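Comments concern the structure below.
All figures in this text were calculated on a predicted structure; none of them were measured in a lab.
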Amino acid sequence: MVRTVRDPEVLNHIAWAVVNPRQKLPDRDLELARLAVEQAAASAHDEDPEILRTRARVAFLSGDRAAAIRYQLRAIELAPEVRKKEYDTTLAEYRATEEH
């Protein structure tokens, strides 16, 4: 029997496991990450900064830097103060690659 995962937190964890920059993976299943994070985002109505951060990373690794920046900016808006510096650093990474 196949079960469907619907919990946005679990879906986000699945997607983040694929795209986490600290993980040195030989291959990343970006399609799996995209499907998981899009479902998580839909369930959370794009109001969860952790899911938006993951969504930004998936977009960035998929080559959609404009979407990565847009999602990261929204994540920064919603993030608790303790996470904003980390999120700002990631935003700077996305913007720097956009300039080249």
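The backbone N or O of Y71 lies less than 3.5 Å from no partner atom in the side chain of R55, so there is not a single donor-acceptor pair.
Here the CG-CZ distance, from D29 to R34, works out to 10.5 Å after rounding to the nearest 0.5 Å. Once rounded to the nearest 0.5 Å, the distance linking CG of D88 with CZ of R83 reads 12.0 Å. Atoms CD and CD1, from E86 and I76 in turn, are 10.5 Å apart once rounded to the nearest 0.5 Å. Considering CG of L52 and CZ of R70, their distance stands at 10.5 Å, rounded to 0.5 Å.
Between R53 and D48 there is no salt bridge, since no side-chain N of the basic residue sits under 4.0 Å from a carboxylate O of the acidic one. A salt bridge is defined here as a Lys NZ or Arg NE, NH1 or NH2 lying under 4.0 Å from an Asp or Glu carboxylate O, and E93 with R65 fails to meet this definition.
Judged by distance alone, the side chains of Y94 and R57 do bring a donor and an acceptor atom under 3.5 Å apart.
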Item to complete: Could you give me the CA-CA distance, side-chain angles and deciding distance for T90 and Q72, then say whether side chain to side chain contact (heavy atoms under 4.5 Å, CB included) is met?
Response: CA-CA 8 Å; T90 302; Q72 193 69 19; 3.7 Å; yes
Worksheet item: Should E47 and L78 be marked as a side chain to side chain contact (heavy atoms under 4.5 Å, CB included) after you check the CA-CA gap, both sets of side-chain angles, and the distance that decides it?
Response: CA-CA 7 Å; E47 295 294 322; L78 297 171; 3.9 Å; yes
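You'll find the side chain of N12 reaches within 4.5 Å of the side chain of V37, heavy atoms only. Between V10 and I14 the shortest side-chain heavy-atom distance falls below 4.5 Å.
Within a 6.0 Å radius of CD in E9, no more than 12 heavy atoms belonging to other residues, nucleotides or ligands are found.
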